[in-house]
Amino acid sequence: MFSCISKISSSARFERVCARYRVDVFRFALWLARDRAIAEDVVQETFMRAWRAMDSLADPSAARAWLLAIARREHARLYERKRHATVALDDLIATDDPALASAPSEDHSDIDAAISSLDSDYRKPLVLQALMGYSTEEIASHMGLTRGAVLSRLHRARQKLRLALGTTGVEAESSTMGPIKATHGHRYAA
């Protein structure tokens, strides 16, 4: 009888964790994969593994970090198992394949490069907030900083991005940060 009660409480606990963090896990998986279908697969695998290991989660306040770590590993496993077909570049050139001339529909390489060039002290809180949806308090707790230090680093990170992207002043708030938020919000939101 005790194992039956334990199983029910474990199931209810798992359902609460899923309901609370599904959007966060999906957003993170979408940021990793940059493809909705792959992100959905990663989320499904993440929650299947979490279900099997739910009893190993001793601290409920660590559930979000635990799930995101599982999602990161599941995304990596996906590419360990999956071997993409390759095509010799010389063959494409020889046949004048039109795929060589096609440009991606959205190019965010300048934003990606600017974010990547930030020092880790500035990049990490920016990514946690803008892409993963962490609150200032959650970032502070995660990084072992005060709320004020997080706000300062976020402000400086945005300033550095404006400089890297060639925008300054008041118009930068709407012209630079707006597209970053809109791009990542549209591209990565659940």
Open item on the list: Measuring from atom NZ of K124 to atom NE2 of H142, what distance do you get when rounded to the nearest 0.5 angstrom?
Closed with: 4.0 Å
Open item on the list: For the CZ atom on R22, are there more than 12 heavy atoms of other groups (residues, nucleotides or ligands in this structure) within a distance under 6.0 Å?
Closed with: no
TODO: Working to the nearest 0.5 Å, report the span between CZ of R156 and CG of L151.
DONE: 11.5 Å
- [ ] Search all heavy atoms of P125 against all heavy atoms of S120 and return the closest pair with its distance.
- [x] CD-O, 4.1 Å
- [ ] Indicate the atoms forming the closest heavy-atom contact of T46 with L67, along with that distance.
- [x] CG2-O, 3.6 Å
- [ ] May I have the step-by-step check of side chain to side chain contact (heavy atoms under 4.5 Å, CB included) for L30 and V42, ending in yes or no?
- [x] CA-CA 9 Å; L30 190 57; V42 168; over 6 Å; no
- [ ] Walk me through it: do Q44 and M48 pass the test side chain to side chain contact (heavy atoms under 4.5 Å, CB included)?
- [x] CA-CA 6 Å; Q44 183 176 358; M48 283 181 15; 4.3 Å; yes
- [ ] Would you give the length of the straight line joining atom CG of L68 to atom NE2 of H75, rounded to the nearest 0.5 angstrom?
- [x] 13.5 Å
Task: Residues L163, Q159; criterion side chain to side chain contact (heavy atoms under 4.5 Å, CB included); working and verdict - done: CA-CA 6 Å; L163 287 172; Q159 283 180 321; 5.7 Å; no
Task: Under 3.5 Å: donor-acceptor pair, side chain of S141, backbone of E137 - done: no
Open item on the list: Testing the basics here: between A29 and V43, what is the closest heavy-atom pair and its distance to 0.1 Å?
Closed with: CB-CG2, 4.0 Å
Open item on the list: Check whether E138 reaches the backbone of S135 with its side chain - one donor and one acceptor, N or O, closer than 3.5 Å.
Closed with: yes
- [ ] Enter the distance from M143:CE to Y134:OH here, rounded to the nearest 0.5 Å.
- [x] 11.5 Å
Open item on the list: Does R158 qualify as a cation-pi partner of Y122, given the criterion of NZ or CZ under 6.0 Å from the six-membered ring centre and within 45 degrees of its axis?
Closed with: no
Task: Side chain proximity check, R64 to V25, heavy atoms < 4.5 angstrom - done: no
Task: Closest contact, heavy atoms only, A58 versus P60 - done: O-CD, 3.4 Å
Open item on the list: Which heavy atom of L165 sits nearest to which heavy atom of D110, and what is that distance?
Closed with: CD2-O, 3.7 Å
TODO: Look at the side-chain heavy atoms of Ile, Leu, Val, Met, Phe, Trp and Tyr, link any pair under 4.5 Å apart, and say whether V17 and W51 land in one connected group.
DONE: yes
Task: SB check E45 R49 (cutoff 4.0 Å) - done: no
- [ ] Quick one: pull up CZ in R123 and CG in D121 and give me the separation to the nearest 0.5 Å.
- [x] 9.5 Å
Task: For W66 against S56, the heavy-atom pair lying closest together - done: CZ2-OG, 4.0 Å
Open item on the list: Could you measure the distance from the CG atom of D55 to the CZ atom of F14? Nearest 0.5 Å is fine.
Closed with: 11.5 Å
Task: R34/D112 ion pair, N-O < 4.0 Å - done: yes
Task: Full working for side chain to side chain contact (heavy atoms under 4.5 Å, CB included) between D119 and K160 - done: CA-CA 10 Å; D119 184 68; K160 291 176 182 290; over 6 Å; no
